[in-house]
Amino acid sequence: MERDDVSAESYFSEQSPEEKAVVDMVEQLFQKARKARKQKQGKWEENFEFYLGRQWPYRRPSYRHSEVVNLIFAAVESVIPVLTDNRPQISFLPEDIEDRDLSQALTELVDSEWSREGWSYVLADCIKQSLITGAGIGSLEFDPRQNQGLGRIVLENKDPYTIYPAPRAKDVNDGSCPFFIEAKPLPTEEARAMFPELAPYIRGSVSTGVPQRYERSEFDTTLNSNAIRSNDATDDATSAFAGEESKKENESLLIKLWIDDDSVEEVEISCKDHYGKDIVENGVPKMEKATKKKYPNGRLVITVDGLLAYDDHNPYKDGRYPYARLIDYQIPNEFWGMGEVEQLKSPQRMLNRLLSFMMDTIVLMGNPIWVADMGAIDADMVTNQPGLIVEKTPGADVHRESGVGLPANVLSVYQLCIDAFDRIFGSGEITQGISPGGITSGIAIDSLRESAQTRIRQKARNLEKFLGEIGILYLSRVMQFYTTERVITLSEDAAALTGLRQFTFQIEAEPENTGFYIAKVVERNLGENGTMIPGKITTFKTKGIFDVRATVGSNLPFAKKAKADTSMKLFELGVLTPQRLLKDLEYPQAEQVAAELEQRAAQQAQAQPAA
């Protein structure tokens, strides 16, 4: 059958009633979640526009100043380095004390993959997303096609416009979210490659990310950002939109529905006695009927252009949705929080208007208008050239009207708006490295600095929760998919290639008890010829249950100095070893320096008896 002779409608009509019911269920839940999210979504586009500095209306006269001092951009960008320069750490604490060494290997494993895969950049995007829209959504899935067929764990920052949680959800995996939807447009050819059996029927139901049966605002997020913003009182903005409309191409709409399905099915199981053994009658195990959940770990349904592409168990054994939410400011009983931008837009508008007014006034004062009797001068000869001589008709009146100067209090009002902006954002002189006037006591300044970190500490706690959930998902992916050897290389100083350590990590199934995993860790040592040779082999039998902890260190300059001062005092008291002190100070090649110190101390100890 040729592709031109078939359509999605014809394929849909050929599907079984059960398959049609599944597609209808996906559409109904999608519509329900879309409607619930619509109110929040209305503010996102404006928040993005303010962050990018597009803060004036499209239609604005060209003679009015439309400059922007974008304090919102400065506020958002100032938070990210504070939370990410000291890279967050994910660690695993064992439930069973015998898994202590395995937990250390897992911690080193995630640390290695974090650096190799560049997850710090993904995390920064997720933080920025939360600051703008109120919530950032990260996903952690396993892609078996990557890494030359071995597969790779992939951390992604999801576009909030593609995420649709259940209407009354409070979080992703806290039990309040019965279903979770990711709906995104993708090129039709890519959709056909993903589902080759549906390729003849996939035509593309989306026009540049806009489903034909849904409202434009739901998906068309690129239209506004690409439109030409003009200050002229013309139809430039309208023509820009029309130009973008003509460039649209059809794409396909992919919907992933993750759902905690309560469907049950009837199965036959063997009867057990009081000791848990099978009951046998006439040499045949006695059977009985029972009902059980059809999808005990949850269900995943995928549709593309309204066609059923996948319907089966959740591919992840942990039964969790592969998403985590990073909140900026929590709103009680709501999934989508509130970001910094939302509360900063009002003082930013005030600043823009005051700046525009001041610039307009200054221009009028420096270039006053000409007032002349009709025919008194040749208007085409009048310019702003310095020293210009204007000839006028005798007896006619020609003069310049000076504009009104700036009100005396306009600058104080402008500064008042900046102060209000800083207060709402939670920023002040102390967080900007400026000592407050009138305070000279070091203890008082330290107290002010500590209190000034309140907002940052709140964001750090939210980030720790997010990373903890990512850590849980990561542990599950490792236990399920790392069934082939993974080589992990660690280095104290990657640039100098010092302190190199290497080991392989592999999960094997426990043949006797499926509730356990066999983790094998093989250390690899540097041989004489420069190659890595296998060393100590350690095998762990584990249930794979660990507590996940994430720590986020503040990178504010005074916080780092306070940490360094505390470490020095503890070292002087003999509490910290030189090795620990160097690590706390983040000294380059700390392990190498510590080894040299130990070697020097050993040499001195050997020389003392000889003396």
Side-chain angles (χ1 to χ4, degrees), residues 36-37 39-53 70-88 119-139 155-165 169-174 176-177 180 221 323-348 420-428 431 452-470 550-556:
R37 199 198 69 178
Q39 182 179 4
K40 280 291 181 182
Q41 176 187 318
K43 301 178 181 178
W44 294 350
E45 184 67 23
E46 186 181 38
N47 291 352
F48 273 108
E49 296 287 286
F50 265 73
Y51 166 75
L52 295 173
N70 197 353
L71 298 183
I72 287 180
F73 175 84
V76 170
E77 293 299 326
S78 67
V79 173
I80 298 173
V82 172
L83 294 177
T84 59
D85 273 3
N86 281 351
R87 203 187 77 185
W119 287 352
S120 291
Y121 297 98
V122 181
L123 180 63
D125 286 345
C126 203
I127 294 173
K128 185 177 296 186
Q129 193 77 63
S130 70
L131 294 171
I132 295 174
T133 64
I137 306 297
S139 71
L155 176 66
E156 288 184 316
N157 171 48
K158 293 297 182 180
D159 186 345
Y161 287 93
T162 67
I163 298 301
Y164 297 84
K170 300 176 184 177
D171 207 337
V172 179
N173 286 300
D174 67 340
S176 66
C177 189
F180 196 92
T221 61
Y323 303 91
R325 181 191 65 149
L326 172 60
I327 207 75
D328 188 29
Y329 291 109
Q330 179 68 53
I331 299 179
N333 300 319
E334 283 196 15
F335 183 91
W336 301 102
M338 180 174 61
E340 296 286 351
V341 177
E342 190 164 336
Q343 292 298 319
L344 296 177
K345 287 187 294 187
S346 180
Q348 179 70 63
F421 186 98
D422 290 339
R423 183 176 292 274
I424 294 173
F425 176 54
S427 173
T431 59
Q453 292 187 72
T454 305
R455 293 281 188 91
I456 291 296
R457 289 199 299 269
Q458 177 189 4
K459 296 181 188 302
R461 288 193 295 270
N462 294 339
L463 183 58
E464 287 173 356
K465 179 180 180 298
F466 170 77
L467 291 174
E469 294 175 0
I470 291 294
T551 55
V552 179
S554 173
N555 197 51
L556 291 172

Exercise. Which pair of non-hydrogen atoms, one from W336 and one from I331, has the smallest distance, and what is that distance?
Worked result: O-CD1, 4.2 Å
For this session: Would you name the heavy atoms of N157 and C126 that are closest together and state the gap between them?
Result: OD1-CA, 3.5 Å
Problem set entry | Spatial distance of atom CG (L463) from atom CD (Q458) [nearest 0.5 Å] | 12.5 Å
For this session: Hey, could you give me the CG/CD1 distance between L131 and I80, rounded to the nearest 0.5 Å?
Result: 6.0 Å
Should [X] and [Y] count as side-chain neighbours, where that means a heavy-atom distance under 4.5 Å?
X: E469; Y: D171; result: yes
X: F425; Y: I72; result: no
X: S130; Y: F466; result: no
X: N70; Y: Y51; result: no
X: L123; Y: L83; result: no
X: E156; Y: Y323; result: no
X: N462; Y: D328; result: no
X: I132; Y: W44; result: no

Check: [X] side chain, [Y] main-chain N or O, donor-acceptor pair, under 3.5 Å:
X: T84; Y: A124; result: no
X: R325; Y: A135; result: no
X: Q348; Y: L71; result: yes

For this session: Say whether Y329 and R455, considering side chains only, have a donor N or O and an acceptor N or O under 3.5 Å apart.
Result: yes
Exercise. Would one find more than 12 heavy atoms of other residues, nucleotides or ligands at under 6.0 Å from atom NZ of K40?
Worked result: yes
Problem set entry | Enclosure of K43 NZ (heavy-atom neighbours >12, cutoff 6.0 Å) | no
